[in-house]
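Because the structure is predicted, anything quoted here is derived from the model rather than measured.
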Amino acid sequence: MTANILIVVLVVADQHLHTPMYFFLGNLSCLETCYTSTILPRLLASLLTGVNTISVSQCITQLYCFALLLTTECYLLAVMSFDRYLAICKPLHYVTRMNGRFCIQLADGSWISSFMLLTIVISLVSELAFCGPNEIDHFFCDLTPVIKLSCSNTSLVTLVTLIFSSIDTLPPFVLTLISYVYIISSILRIPSTTGRQKTFSTCSSHLIVVTIFYGTLMIVYMLPNTGALRAPNKVFSVLYTVLTPLINPLIYRLRNKEVMEALRRALQKCRI
């Protein structure tokens with residue numbers, strides 16, 4: 001969490017990082033700070049105190065915040081891949097197309113789209129009745145375990161969730177995939193090895209983050225959560241909800257010279 005906050009501060013304070021790529025990175029770091037705050041404090045409190053109870057309203061609130069941030073991250077990662085596509089494949093048009101106003105519109109669109117879709121889903125979930133077993137087989141309030149606890153007819157909310165999940169995840173994933181197909185093909189056409197390495201370094205951090213994010217997401221939500229797969233499913237849930245937001249700042253910091261330079265400049269100012 002501290003590392004994500006540090007990246008946000010660096011992006012805001014250092015003028016050398018006032019570029020579209022770092023604007024979106026700042027948004028992603030801010031999102032992952034909120035992401036970690038949604039699940040980790042409650043999880044740590046349960047582990048330390050042994051109190052594992054949560055009210056229905058608190059559970060739905062946690063579910064809403066988690067789902068909103070997860071969906072927004074899908075959009076933001078797609079926007080960041082589109083930014084790298086323009087920078088690498090259309091460098092002459094990059095400055096004019098990826099201007100400040102367009103960057104803000106893309107970031108705002110990611111948040112607003114997620115907010116609108118998730119508000120509809122969570123409003124349907126909040127109308128469900130919970131009168132049967134009240135134990136969630138998970139370490140946080142995820143959508144599927146919560147719906148399984150309901151004694152109401154869940155066909156409508158399940159259908160709406162399926163439709164909106166497809167809208168939230170499939171288009172951003174396809175856009176990200178297509179962007180990197182074009183990016184990699186453009187890099188391979190660069191004649192010199194040094195040129196290829198230098199160009200790839202501008203998107204390698206994002207590619208690693210995207211691979212980890214979608215890899216764990218697919219394992220958790222596409223594999224059946226039953227029987228022998230239940231325990232591994234929870235492990236991968238920990239990866240993308242807790243560990244990934246903690247690892248991502250390290251990936252960007254260690255593989256990005258500009259972030260390291262900005263951190264070095266900030267430390268020098270603090271010493272002065």
Side-chain angles (χ1 to χ4, degrees), residues 27-28 30-43 54-79 106-176 210 213-226 230 233-234 236-242 244-245:
N27 271 268
L28 182 65
C30 181
L31 181 147
E32 291 190 333
T33 301
C34 300
Y35 200 57
T36 309
S37 302
T38 301
I39 296 173
L40 196 56
R42 178 70 196 182
L43 177 61
I54 185 171
S55 66
V56 174
S57 59
Q58 289 175 338
C59 185
I60 292 177
T61 300
Q62 186 187 60
L63 170 60
Y64 178 68
C65 294
F66 160 74
L68 173 63
L69 295 168
L70 178 67
T71 305
T72 306
E73 184 163 5
C74 290
Y75 285 121
L76 272 179
L77 289 175
V79 167
L106 288 173
D108 288 347
S110 300
W111 287 94
I112 293 171
S113 300
S114 303
F115 174 79
M116 292 173 62
L117 294 175
L118 262 300
T119 299
I120 296 172
V121 173
I122 298 303
S123 64
L124 292 174
V125 173
S126 63
E127 293 177 0
L128 297 175
F130 298 93
C131 51
N134 58 357
E135 184 176 344
I136 299 176
D137 189 18
H138 217 319
F139 64 92
F140 72 101
C141 294
D142 202 358
L143 185 60
T144 302
V146 170
I147 291 178
K148 285 182 178 179
L149 290 182
S150 174
C151 53
S152 307
N153 184 352
T154 61
S155 57
L156 176 60
V157 67
T158 302
L159 177 62
V160 172
T161 301
L162 178 62
I163 294 171
F164 283 0
S165 297
S166 301
I167 295 172
D168 287 337
T169 56
L170 191 58
F173 175 73
V174 171
L175 176 59
T176 302
V210 166
F213 177 77
Y214 277 110
T216 53
L217 205 64
M218 288 178 179
I219 290 172
V220 170
Y221 291 106
M222 293 185 72
L223 293 180
N225 186 19
T226 55
R230 187 167 295 165
N233 186 282
K234 292 179 183 179
F236 282 104
S237 294
V238 173
L239 285 177
Y240 85 88
T241 57
V242 178
T244 302

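For the pair Ser113 (side chain) and Ser110 (backbone), a donor-acceptor distance under 3.5 Å is absent. Between the side chain of Asp142 and the backbone N or O of Thr144 there is no donor-acceptor pair closer than 3.5 Å. Between the Glu73 side chain and the Leu28 main chain, no donor and acceptor come within less than 3.5 Å of each other.
Note that CZ of Phe115 is 11.5 Å distant from CD1 of Ile122, once rounded to the nearest 0.5 Å. Residue Phe130 holds its CZ atom at 7.5 Å from OG of Ser152, rounded to the nearest 0.5 Å.
Inter-residue side-chain proximity for Arg42 and Phe140 is flagged as unmet; no heavy-atom pair is nearer than 4.5 Å. For the pair Met116/Ile112, a side-chain contact is recorded, criterion being any heavy-atom separation below 4.5 Å from C-beta on.
Between Phe164 and Leu117, the shortest heavy-atom distance links the atoms CD2-O, 3.5 Å. Residue Ser155 comes nearest to Asn153 through the heavy atom pair OG-OD1, 2.9 Å, listed as atom of the first residue, atom of the second, then distance. In this structure, Leu63 and Leu143 approach most closely via the heavy-atom pair CD1-N, 3.4 Å. A pairwise comparison of heavy atoms in Asp168 and Leu118 identifies OD2-CD2, 3.9 Å as the closest pair. Here the shortest heavy-atom pairing between Cys74 and Pro172 reads O-CB, 3.4 Å. Leu77 and Phe213 get closest at one heavy-atom pair: CD1-CD2, 3.5 Å.
In this structure, the side chain to side chain contact (heavy atoms under 4.5 Å, CB included) partners of Leu175, at least two apart in sequence or on a different chain, are Ala78, Ser179. By the side chain to side chain contact (heavy atoms under 4.5 Å, CB included) test, Ile163 pairs with Leu159, Ile167, sequence neighbours left out. Remark: Thr154 pairs with Leu128, Ile147, Ser150, Val157, Thr158 by the side chain to side chain contact (heavy atoms under 4.5 Å, CB included) rule, at least two apart or across chains. With sequence neighbours excluded, the residues satisfying side chain to side chain donor-acceptor pair (under 3.5 Å) with Glu32 are Asn248. Under the side chain to side chain donor-acceptor pair (under 3.5 Å) criterion, Gln58 pairs with Ser55, not counting sequence neighbours. For the side chain to side chain contact (heavy atoms under 4.5 Å, CB included) test, residues two or more places apart in sequence or in another chain that qualify with Cys59 are Ile54, Ile136, Cys141, Val146. For Tyr214, the ring-ring contact (aromatic ring centres under 6.0 Å, His included) test picks out Phe173, with sequence neighbours left out.
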| said: Applying side-chain contact (heavy atoms from CB on, under 4.5 Å) to Leu70 and Tyr35, what does each step give before you reach the verdict? | reply: CA-CA 8 Å; Leu70 178 67; Tyr35 200 57; 3.3 Å; yes
| task | Check step by step if side-chain contact (heavy atoms from CB on, under 4.5 Å) holds for Leu69 and Trp111. | result | CA-CA 8 Å; Leu69 295 168; Trp111 287 94; 3.9 Å; yes
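Residue pairs meeting the side-chain hydrogen bond (donor to acceptor under 3.5 Å, both in side chains) criterion with at least one member in residues 114-126, sequence neighbours excluded, are Tyr64-Thr119, Thr72-Ser114.
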